[in-house]
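Here, residue 1 is the first one in the sequence, and each next residue gets the next number. Quick note: numbers below take in every heavy atom, side chains included, and nothing from hydrogens, waters or symmetry partners.
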Amino acid sequence: LSQNVPADEQAAIPRPEHPRPDAMRAPWTNLNGRWEFRFDAQDQGLAGGWEKPGAAGYNQTIVVPFPWESELSGIHQIQGAPKVGWYRRRFSVPKDFPPGRRVWLRFGAVDWRADVWVNGRKVAEHEGGYTPFEADISDVLEREGENVVVVRAFDATDPALPTGKQVGWYTPSSGIWQTVWLEARPQTYIADFRIVTGIAPASVQVKADIAGFDQTKYQIALKSKDPTVKGVSKTFEPTTKAAGVAPGEKPTFSVGLESIVLDAMLWTPETPELYEVTLELKDEGGKVIDSVET
């Protein structure tokens with residue numbers, strides 16, 4: 001279930017579960033539900049300042065994460081819908097987000113182009129209706145007060161773009177159509193990871209990308225509550241020079257791990273065995289500063 005949401009409100013939030021069960025980081029909070037909405041048939045919103053928190057004209061309500069052609073969205077405009085729609089939502093930073101952590105705004109998918117503002121400041125732009133994107137919004141937030149996120153979604157529904165069966169077969173799916181959520185991360189965190197498994201011998205190889213580090217040493221560990229999974233850890237000392245970081249970019253460092261699974265149970269359709277594991281990032285003193293469940 002979604003964290004930071006009372007149980008009696010869970011039913012009002014569509015898709016309240018964590019959108020990435022293969023990469024779960026706590027704390028987080030779900031931003032699905034009712035957003036203010038307006039179409040932009042003349043594409044005048046950018047010139048008109050519709051990204052400003054107090055802009056007038058948001059005269060409809062849309063349920064995220066359903067496209068505006070969908071009945072579940074509450075808009076249900078299948079034919080003749082404008083190509084541009086504007087979304088707006090107010091939110092507060094959850095109290096259980098630690099003060100020292102950065103706050104990230106994450107989108108599962110917006111079809112096709114998304115421009116995002118928080119409190120009137122541009123934080124992200126993304127093209128690609130099927131791919132996720134995110135933005136560190138820490139520097140534009142009111143940690144103790146109310147914040148406003150605005151999304152301009154443009155969907156050309158053009159056969160020249162990747163559209164699948166939307167064109168000529170089924171109804172288009174425009175706008176925000178996957179979960180939106182907030183996530184708290186430390187300054188140094190596990191930015192990404194890839195897992196490769198082997199059968200003989202049973203093995204798990206993990207390559208993790210670490211971002212936002214300084215010059216100190218770190219340790220990354222793979223562990224599991226399953227007693228058949230042999231945990232492993234590795235100490236490393238990344239440097240911005242070694243990472244080849246350009247000015248203004250977040251340093252990223254990759255480190256590999258390998259663990260052995262004893263008496264491994266293979267995944268098959270008849271026996272869909274899954275192993276739950278946790279990747280932990282620790283500082284030089286052994287304190288866990290970030291962890292991701294997968």
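Between the side chain of Ser73 and the backbone N or O of Pro67, at least one donor-acceptor pair lies under 3.5 Å. Remark: side-chain polar atoms of Tyr87 are not paired, donor with acceptor, to backbone N or O of Val149 under 3.5 angstrom. For the pair Asn30 (side chain) and Thr179 (backbone), a donor-acceptor distance under 3.5 Å is absent. A distance-only check finds no donor-acceptor pair linking the side chain of Asp155 to the backbone of Lys83 [under 3.5 Å]. Asn32 places no side-chain N or O within donor-acceptor distance of the main-chain N or O of Ile13, the cut-off being under 3.5 Å. When atom types are taken as modelled, the side chain of Glu69 and the backbone of Ser174 share a donor-acceptor pair closer than 3.5 angstrom.
The closest side-chain heavy-atom distance from Val148 to Arg88 is below 4.5 Å. Residues Leu141 and Phe91 meet the side-chain proximity criterion, which asks for heavy atoms closer than 4.5 Å. Between Phe133 and Glu125, every side-chain heavy-atom pair lies at or beyond the 4.5 Å cut-off. Side-chain contact between His18 and Arg20: present, with at least one pair of heavy atoms (C-beta onward) separated by less than 4.5 Å. The shortest side-chain heavy-atom distance between Val206 and Ser259 does not fall under the 4.5 Å cut-off. For the pair Thr216/Asp283, no side-chain contact is recorded, criterion being any heavy-atom separation below 4.5 Å from C-beta on. Residues Leu279 and Leu281 have side chains not in contact (no heavy-atom distance under 4.5 Å, counting atoms from C-beta outward). Here the side chains of Arg25 and Tyr189 are in contact, with some heavy-atom distance below 4.5 Å.
Summarising the local packing, CD of Glu146 is surrounded by more than 12 heavy atoms from other residues, nucleotides or ligands at distances under 6.0 Å. Under a cut-off of 6.0 angstrom, the local environment of CZ in Arg121 is sparse, with at most 12 non-hydrogen atoms contributed by other residues, nucleotides or ligands. The number of heavy atoms from other shown groups lying within 6.0 Å of CZ (Arg90) is above 12. More than 12 heavy atoms of other residues, nucleotides or ligands shown are found within 6.0 angstrom of NZ on Lys122. Under a cut-off of 6.0 angstrom, the local environment of CD in Glu273 is crowded, with over 12 non-hydrogen atoms contributed by other residues, nucleotides or ligands.
The pair Asp290-Arg185 does not count as a salt bridge, with every side-chain nitrogen at least 4.0 angstrom from each carboxylate oxygen. Taking 4.0 Å as the cut-off between side-chain N and carboxylate O, Asp96 and Arg101 do not count as a salt-bridged pair. Salt bridge annotation for Asp192-Lys207: absent, with no cationic side-chain nitrogen under 4.0 angstrom from a carboxylate oxygen. Salt-bridge formation is not detected for the pair Asp40/Arg38: no Lys NZ or Arg NE/NH1/NH2 atom is positioned less than 4.0 Å from an Asp or Glu carboxylate oxygen. Ion pairing of Glu280 with Lys223 is present here, as a side-chain N (NZ or NE/NH1/NH2) and a carboxylate O approach within less than 4.0 Å.
Trp267 and Met265 sit in two unconnected hydrophobic clusters of ILVMFWY residues. Membership requires side-chain heavy atoms under 4.5 Å apart, directly or through other members. Following chains of ILVMFWY side-chain contacts shorter than 4.5 Å, one cannot reach Ile195 starting from Met24, and the two form parts of different hydrophobic clusters.
Distance check, rounded to the nearest 0.5 Å: OH of Tyr58 to CZ of Arg89 gives 14.5 Å. Atom CD1 of Ile289 and atom NZ of Lys282 lie 11.0 Å apart (nearest 0.5 Å). Here the CZ-CD1 distance, from Phe37 to Ile176, works out to 9.0 Å after rounding to the nearest 0.5 Å. Atom-to-atom distance recorded for Leu257:CG and Gln205:CD is 10.0 Å, nearest 0.5 angstrom. Between Leu182 atom CG and Thr29 atom OG1 the span is 6.5 Å, to the nearest 0.5 Å. Of the inter-residue distances, the one linking Ile190 atom CD1 with Asp209 atom CG reads 10.0 Å to the nearest 0.5 angstrom.
Under the 30°/60° scheme for interplanar angles, the aromatic rings of Trp112 and Phe154 are found to stand perpendicular. Below 30°, between 30° and 60°, or above 60°: for Trp177 and Tyr130 the angle between ring planes is above 60°, a perpendicular geometry. Note: Phe39 and Trp68 have perpendicular aromatic rings, judged against thresholds of 30 and 60 degrees for the angle between ring planes.
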(message) Apply side-chain contact (heavy atoms from CB on, under 4.5 Å) to residues Glu258 and Val232 and explain how you reach the verdict.
(response) CA-CA 7 Å; Glu258 183 165 345; Val232 66; over 6 Å; no
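In summary, the side chains of Ser138 and Asp136 do present a donor paired with an acceptor at a separation below 3.5 Å, with no hydrogens or angles considered.
Of all heavy-atom pairs between Val140 and Asn119, the closest is O-ND2, 2.8 Å. Of all heavy-atom pairs spanning Val261 and Ala202, the tightest one is O-CB, 3.1 Å.
The side-chain hydrogen bond (donor to acceptor under 3.5 Å, both in side chains) search around Glu127 returns Arg113, not counting sequence neighbours.
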